[in-house]
Each structure stands twice: as C-alpha cells, then as structure tokens.
Amino acid sequence: MTKFFRRIIKFGTPADLNSAVYLASNTVAPAYECVELGIGDTLLIKAISEAYGSNKATVKDSVQKLGDLGLVARSCKSKQRTLGFAAKPKPLTLVRVIGAFREIAAISGSSSGKWKVDIIKKLLVGVQDSTETKFIIRGLQGKLRIGLAQSTVLVALAHALTMTIPSTVQVDDDGNDDNNDEEEEEEKDDGDDNSNEDPIVKAMMDESLTVEKTLEAHANMIRKVYSEVPSYDALLDAALKVPLVKLNEACQFQPGIPVEPMLAKPTKSIQEVLKRLNGQEFTCEYKYDGERAQIHKTPDGTLKVFSRNLLETSNKYPEVSNYVQEAAEAAIANQKEEKKEKKDDDDDDDGDGEFTGRPVDSYVLDTEVVAFDRVKGHLVPFQILSTRKKTQESGESATVQVIVQAFDLMYLNGKSLLCKSFKERRRLLHKHFAPVEGKFQFAKSLDAVEDGDTIELENFLDAAVKGQCEGLMVKTIVDIYEPSRRSLNWLKLKKDYLDGCGDSFDLVPLGAYFGRGKRTGVYGAYLLGCYDEETEEFQSVCKIGTGFSDEDLKSLSASLNEHKLEGGKSSSYNVAKSLEPDVWFDSVQVWEIKAADLSKSSTHRGALGKLEEGRGIGLRFPRFERIREDKKPSQATNSDQVLEMYYNQDSVKGQGGGDDYDDDDDGI
DNA sequence: ATATGATGCCC
DNA sequence: CTTTTGG
DNA sequence: CCAAAAGGGGCATCATAT
C-alpha cells in the first residue's frame with residue numbers, strides 16, 4: 001500500500017490521492033459528516049443479478065458456497081459471455097469510483113433503491129476485469145476483507161509521505177506565519193505542540209535513529225493527527241502543504257470536530273487489573289450503561305454532541321447542551337462562594353482561565369448519557385435509552401429523560417488538555433463544572449493505590465453493579481488522554497467478565513447459519529433455545545457467533561451435521577420467522593453460554609408471555625463458553641429459570657417499587 | 001394508511 | 001458490543 | 001500486543017410492499 005500511495009503522490013493529482021485513501025479505508029467521508037451509503041446485501045444482490053443477467057435465487061445460492069458477495073459477483077462476471085465485438089470500456093478511475101459511492105450516498109427518498117442499483121450496475125459493467133468487480137461489491141458492502149483497515153492505511157500513508165515528499169509541500173524555515181491563522185483558538189498554541197517538547201517530533205528529527213524508527217515516528221505523527229482530527233480531507237490537505245514534522249501544527253484538535261474517544265481493554269479479574277497497574281496510583285469509576293457522548297462547546301457558543309463512533313447526536317440529546325451549561329454556571333456560583341470565604345489568595349493561578357466570573361467559553365467533555373427516572377431519582381437501563389428518537393424537538397419533554405455522567409475533560413478555554421495527566425484533567429473538570437441534580441453528575445469514583453488489597457475494589461464493583469452500572473472503569477492518575485484505539489490504556493471490569501460471575505446458561509443449538517468470509521464452509525452462527533417444561537418446546541433466546549475458536553467452529557459444524565433435520569423445523573421449536581436458520585438440527589447438544597444481561601425481546605421467545613404478553617426474553621452480549629457433555633437437552637436451562645434471572649437483574653429489581661406487575665409505561 | 005423489510009448505529 | 005487469530 | 005474480522009440484541013428510520 002505504501003508503494004501504491006507513493007506512485008500516486010508522485011504521478012497523480014491530490015484528488016487521486018484523496019480517492020485512493022478513502023477507497024483503501026473503505027469510507028466515503030469523515031464519520032462526523034454522517035454520510036451513509038444505504039446499501040445492504042439485498043440491494044447488492046439485486047444489482048449483481050441485474051447487471052449479469054442471473055436470477056436472484058442463483059446469486060443467493062452462490063453466496064452460501066462462496067461466502068462472500070464480492071466473490072459471487074466476480075464469478076458472475078467471469079461466467080458472463082463476452083461479446084466479441086464489444087469494445088473494452090474505459091478504465092474506471094479512483095476518482096470515478098469514489099465519486100459513484102458518494103453519489104449513492106446522496107440519494108434518498110422514493111425509488112432511491114432503484115437509482116442506487118442503477119449506479120452500481122453502471123460501475124459493474126464498466127470494469128476491466130473481474131477483480132475490480134469483486135472489490136467494488138466489497139467496498140459497497142463495507143467489508144474489503146484485505147486484512148488491512150484504518151490504522152494500516154494511516155501507517156502506509158505516513159511511510160509514503162516520508163519517502164516521497166509531495167511537490168506541493170512548502171519547506172519554509174520561518175514556520176507558522178502563513179497557514180496557521182485558521183485555528184479558532186486565537187490565543188497561544190497549547191502545550192501540545194511546542195515542537196521541541198513533542199516526543200514524536202523529536203523522534204522524527206533524530207538523525208541517529210534507524211530508518212525503521214524514523215518511519216515509525218512519522219507514522220505516529222500521522223496517527224496522532226488523525227486521531228485528533230479524524231478526517232482524511234483535513235489530513236491530506238495539511239500533508240500536501242506542510243512537512244510531516246509540522247503536521248500537528250497545521251491540523252489539530254479543536255472544539256467542533258470530535259476526537260477519537262479513548263477506549264478501554266476488558267479485564268478478567270481484579271488480580272489482572274492490579275497486575276497491569278503495577279503499583280501506580282489509579283482511580284475506579286462506575287461504568288454507566290448509556291451512550292458515550294463527547295460534548296463540545298466552541299467559542300462562538302455552538303454546542304455539539306458526538307457518539308462513540310464520532311457521529312453527531314446533538315439532535316438526539318438537545319437538552320444535554322443545556323445541562324452542561326447549567327453545570328458550568330453552577331461551578332461559577334460555587335467559585336464565588338469560595339472566593340467570599342477565603343478572601344483572595346492568588347496561588348490559585350493554574351493558568352486555566354482561573355476565576356473569571358463567567359462560565360467556560362470553550363470545552364470538550366467526555367461523558368456517558370444515561371436514561372434517568374426523574375421522579376424516582378434513579379438510573380434506567382440502556383434498553384430504554386435506546387428508544388429515544390433520533391431527533392427530539394425538546395429534550396426536557398421527551399418520554400425518556402437523561403442525565404449526563406461526566407468523567408473527562410479534553411479541552412478548556414482554547415487549550416487542549418490531551419497531554420495533561422488525568423489527575424489534572426479531572427481537577428479542571430471538577431473546578432469548571434459542578435453537579436446539577438438530575439441533570440449533570442460526575443462519574444462516581446474511588447481513588448486508590450495498589451497495595452494488594454482487593455476487598456475495597458470488590459466492594460466498589462458490587463456497589464457499581466447494584467447502582468445500575470455495568471461495572472468499573474480503571475484509569476491511572478498519570479496517564480494522558482490518548483485518543484482512539486492507539487492504546488487501550490483504560491481498563492474495564494465487568495461482572496460478567498469474571499470467571500464464575502455473571503449469568504451463564506445451558507442452551508440447545510436448534511439451527512445454524514452458513515458462515516461468511518473467514519467462516520465460509522462452516523456455520524458462522526447458531527440459534528440457541530432454552531427449554532419450556534410446560535409446553536415442552538424449545539424457545540429461542542439468542543443467536544451465537546462469538547466465543548468459538550476456529551477449531552470449535554469446525555468440530556461443532558461436523559458434529560451437528562450428523563443431526564440435520566431434513567424435513568425442516570421441529571414442531572417443538574418456538575422460533576420467529578425472521579430468525580429462521582439455514583439448517584435445522586435435532587436437539588442433541590447443550591452449550592454453556594455466557595451473557596451480560598437479559599432483555600425483553602420481540603424476536604426471541606424465552607419465557608414467552610410470562611413477562612409480557614406476546615414477548616419473550618433474549619440475551620445481551622451472548623458468547624460461547626463450552627459444550628456441556630454432561631447435560632441432555634431436556635436438562636437445558638428452562639424458561640422459568642430464564643424468567644427468574646431476568647427478575648434477578650439489579651436493573652430490574654431497582655425498578656419495581658412493590659408493584660408485582662411490570663411497569664408498562666417504560667416502553668420495553 | 002399501514003405493515004414489513006432493510007439499513008445503520010447504539011450497546 | 002465480545003471474541004479469536006496472525007504477525 | 002494490536003488490528004482485523006468474524007459474530008451478537010435491539011432500537012429508530014426510511015423505503016417499499018400490501
């Protein structure tokens with residue numbers, strides 16, 4: 001990929017490079033622009049069959065065999081009779097292909113499917129060879145399957161730009177008086193980019209390093225810039241103007257554009273957490289079960305909210321902006337109080353905007369938005385939060401109320417805090433924002449030092465779970481905010497990760513679905529049921545597609561193939577039509593399945609009707625643990641146990657308020 | 001008009 | 001979201 | 001250790017079928 005990019009840098013146009021990068025990363029626009037293709041397998045199958053004159057059933061059939069729509073399209077293409085007199089079409093260019101993708105994304109409304117298919121067909125008949133067909137289809141499907149994705153594209157790009165410097169790059173020595181005026185934060189550069197201090201810049205310029213190390217340093221620069229401004233447009237524009245060492249000066253974190261959020265690594269035990277912390281000072285925070293929200297305020301007063309995947313959710317949570325502003329004002333009120341009490345002692349000068357008497361003017365907060373019952377004053381499960389409309393005219397009058405649980409601050413009054421320690425970021429967070437009843441709170445936390453004592457941690461984890469949370473987030477006090485997947489420096493500890501904790505089920509495989517991609521040739525997922533003793537039927541409670549080793553996938557496929565029901569579904573299987581597997585099995589095995597939660601389900605049938613008329617129970621985050629050789633299908637977890645486990649959840653226990661019947665006004 | 005299916009995006 | 005795998 | 005690629009439940013939304 002590096003070689004390819006180098007050729008384009010040398011011989012192509014900026015538009016060629018831009019198109020190549022977008023195609024290679026299989027995206028059409030920066031995430032925060034919320035551009036959707038609106039293309040799924042159904043439309044692709046339609047396009048393939050129409051373009052190559054095969055019928056849809058045949059196409060679907062070969063999907064099973066080949067396990068990949070791209071391969072299917074390729075084989076259709078090469079089977080197609082080529083007419084001797086037909087001239088080869090003009091070659092498709094990068095610009096043309098990404099342009100077609102973007103055209104597709106722009107179509108909506110009535111008959112949009114037809115127009116989209118038309119564009120795809122034009123692409124398909126315009127290819128030079130069947131390999132192009134394969135990748136056009138895969139690109140539209142969003143699964144390139146070339147063993148390379150975002151971060152690899154960035155590294156390749158970095159290497160290419162290092163080895164082949166674009167002719168447009170200006171190598172001026174007097175630095176930043178030409179292009180640096182566009183940043184909104186008129187004041188000083190944040191400590192972030194004092195070039196001499198930045199270890200990445202240092203490494204890039206260190207001539208004593210090996211070529212490999214130098215390339216790595218350049219890649220780190222590109223990764224850092226992209227994680228601060230996740231837009232290939234912005235990245236490439238900058239990279240074509242300034243040398244890589246100055247890239248972060250030309251393109252950096254600013255309110256209004258989401259930064260890739262810091263993520264956490266799952267951990268399997270308290271021991272593992274302590275081992276990883278290795279004696280460092282750390283804090284534990286409740287891990288709330290809501291939706292990640294990065295809240296931005298730009299100096300012009302605009303407030304924006306972004307999701308974990310950088311899509312804008314401002315319209316989904318219109319009240320969140322108000323809540324945060326109220327929190328900022330509450331902090332001012334508190335400051336005034338303090339000021340009165342202790343007369344001015346001015347060692348308070350930490351250069352962060354200090355006491356101004358006015359709320360902060362720009363900031364970026366990291367928070368979790370959680371559904372909240374204002375009347376009863378407690379948190380509400382994720383399933384209810386998810387019923388929020390995508391656009392709410394007024395948040396405060398919405399059926400589902402929310403509360404902001406804040407846990408980090410990445411930007412404040414014109415300065416990036418990404419390079420500050422968590423301790424410092426949190427100090428500023430608590431200084432410039434204050435809790436507002438029912439609207440804005442700080443994530444509940446416990447500070448500690450590793451001293452071999454696990455009891456305190458265990459208790460805190462228990463308390464978190466009882467308090468409607470998923471578990472804990474564990475963070476060291478000294479770490480900076482490292483955006484993106486670059487390093488999973490935070491740890492998450494959930495009850496169901498722990499061996500012997502969390503809900504475990506013994507379920508019967510009722511059927512299976514053909515695997516795709518690297519699971520071609522084996523079943524990729526199975527349908528599982530619990531046993532209902534009254535009706536003597538198996539009721540579906542989940543599908544399962546994770547937790548298997550490659551070996552498991554092979555052996556399970558082989559052993560269950562001995563028990564296929566050739567006549568179709570057994571009459572004792574209670575399964576919704578939309579879940580119909582490709583193959584049905586006799587009930588012969590029992591599998592141990594772990595799950596995080598149970599939820600009311602309109603598709604699954606566990607304990608059907610016992611909880612709510614017409615609905616059953618399904619599992620959240622199910623994964624395969626092992627085969628239970630010791631159990632017969634009739635000894636599988638039964639539906640009464642499933643029901644009991646549903647009621648046993650802390651999130652459900654907390655709700656009832658003495659009412660035997662379940663609260664029907666909650667929407668689930 | 002209303003029901004169903006497809007798609008994308010939260011977790 | 002969880003999980004496994006190959007480099 | 002990390003990136004990539006398998007796969008999950010369930011919701012709102014939009015297009016199309018009835």
Side-chain angles (χ1 to χ4, degrees), chain A residues 26 31 34-46 67-68 107-116 141-155 263-266 287-293 307-311 313 316 368-369 381-392 400 470 484-488 492 494 496-497 513 515-520 522-528 540-553 577-579 593-604 615 617-625 667-668:
Chain A
N26 204 9
C34 304
V35 181
E36 290 169 13
L37 282 181
I39 295 277
D41 286 3
T42 311
L43 275 184
L44 287 176
I45 288 171
K46 196 161 175 234
D68 177 320
I107 301 174
S108 67
S110 193
S111 320
S112 58
K114 185 184 171 302
W115 304 129
K116 289 180 181 186
Q141 207 189 12
K143 294 183 192 176
L144 239 28
R145 299 192 52 234
I146 52 177
L148 164 167
Q150 174 180 294
S151 62
T152 312
V153 172
L154 287 173
V155 173
L263 302 176
K265 187 188 280 305
K287 185 180 187 304
Y288 294 89
D289 194 9
E291 182 170 348
R292 188 92 175 250
S307 73
R308 174 195 147 118
N309 295 314
L310 311 182
L311 294 163
T313 50
K316 185 171 176 187
E368 187 86 4
V369 168
F382 174 79
Q383 198 179 13
I384 288 167
L385 180 70
S386 69
T387 64
R388 262 230 168 181
K389 305 286 175 232
K390 233 169 85 182
T391 56
Q392 293 278 349
V400 179
E470 294 184 287
S484 92
R485 288 115 252 221
R486 266 197 307 149
S487 72
L488 273 38
K492 57 177 160 180
K494 295 210 230 169
D496 60 286
Y497 294 164
Y513 310 85
R516 296 169 147 229
K518 63 182 178 187
R519 296 200 182 163
T520 306
V522 293
Y523 297 118
Y526 293 84
L527 179 69
L528 300 179
S540 83
V541 291
C542 67
K543 292 198 288 173
I544 192 113
T546 191
F548 308 113
S549 66
D550 288 4
E551 189 49 44
D552 289 336
L553 285 169
K577 192 145 207 141
S578 61
L579 291 169
I593 303 298
K594 191 112 172 207
D597 265 319
L598 300 88
S599 50
K600 288 185 185 176
S601 174
S602 302
T603 44
H604 287 294
R615 298 181 83 189
I617 291 171
L619 306 188
R620 187 186 188 196
F621 305 145
R623 58 262 195 191
F624 176 83
E625 293 265 293
I668 48 169

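Just so we're on the same page: letters track the sequence lines, and every chain starts at 1.
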Taking only the side-chain heavy atoms of A:P622 (C-beta and beyond), determine which of D:dC2, D:dC11, D:dG8 contains the nearest atom. D:dG8

Give the nucleotide from the list D:dG8, D:dG10, B:dC11 with an atom nearest to the side chain of A:F382. B:dC11

Sequence neighbours excluded, which residues qualify as side-chain contact (heavy atoms from CB on, under 4.5 Å) partners of A:A264? A:M473, A:W490, A:K492

Is the distance from OP1 or OP2 of D:dC11 to the nearest side-chain N or O of A:Q383 less than 4.0 Å? yes

For DNA chain B, the residues among residues 37-45 of chain A that have a non-hydrogen atom under 4.0 Å from it: A:L37, A:G38, A:I39, A:G40, A:D41, A:T42, A:L43

Classify the nucleic acid contact of A:K543 as base, sugar-phosphate or nothing, counting any heavy atom under 4.0 Å across all strands shown. sugar-phosphate

Which residues share a salt bridge (charged side-chain N to carboxylate O under 4.0 Å, His left out) with A:K494, sequence neighbours left out: A:E470

Side-chain contact check for A:T152: nearest option of D:dG8, D:dA6, D:dA4 is D:dA4

Those residues that, when tested against A:K389, pass side-chain contact (heavy atoms from CB on, under 4.5 Å) (two or more places apart): A:Q392

Earliest and latest nucleotide of DNA chain C, 5' to 3', sitting under 4.0 Å from a non-hydrogen atom of chain A? C:dC1 to C:dT5

Choosing from D:dA12, D:dC2, D:dA6, which nucleotide comes nearest the side chain of A:K518? D:dA6

So which nucleotide from B:dC10, D:dA12, D:dG7 ends up closest to the side chain of A:R516? D:dG7

Any residue meeting salt bridge (charged side-chain N to carboxylate O under 4.0 Å, His left out) with A:K543, in chain and number order, not counting sequence neighbours: none

Counting heavy atoms from C-beta on, name the nucleotide in D:dG10, D:dC2, D:dG8 closest to the side chain of A:F621. D:dG8

For A:S307, give me all partners under side-chain contact (heavy atoms from CB on, under 4.5 Å), at least two apart in sequence or on another chain. A:E291, A:N309, A:L311, A:T313

Listed partners of A:K518 passing side-chain contact (heavy atoms from CB on, under 4.5 Å), at least two apart: none

Hey, does the side chain of A:R145 come within less than 4.0 Å of D:dA6's phosphate (OP1/OP2), counting only N and O? yes

Using a heavy-atom cut-off of 4.0 Å across all strands, would you classify A:L619 as base, sugar-phosphate, or nothing? sugar-phosphate

Partner residues of A:D41 under the salt bridge (charged side-chain N to carboxylate O under 4.0 Å, His left out) criterion, sequence neighbours left out: A:R516

Using salt bridge (charged side-chain N to carboxylate O under 4.0 Å, His left out) as the criterion, list what pairs up with A:D289, not counting sequence neighbours. A:R620

For A:S599, all residues meeting side-chain hydrogen bond (donor to acceptor under 3.5 Å, both in side chains), sequence neighbours excluded: none

Closest of D:dG7, D:dC11, B:dC11 to the A:D289 side chain is B:dC11

Does A:K390 have a side-chain nitrogen or oxygen under 4.0 Å from the phosphate oxygens OP1 or OP2 of D:dC14? no

Which nucleotide in the list B:dC11, D:dA6, D:dG10 gets nearest to the side chain of A:S599? D:dG10

Between the protein and nucleotides 15-18 of chain D, which nitrogen or oxygen pairs are less than 3.5 angstrom apart?
| unit_1 | atom_1 | unit_2 | atom_2 | d |
| --- | --- | --- | --- | --- |
| D:dA15 | OP1 | A:G109 | N | 2.2 |
| D:dT16 | OP1 | A:G113 | N | 3.3 |
| D:dT16 | OP2 | A:S111 | N | 2.5 |

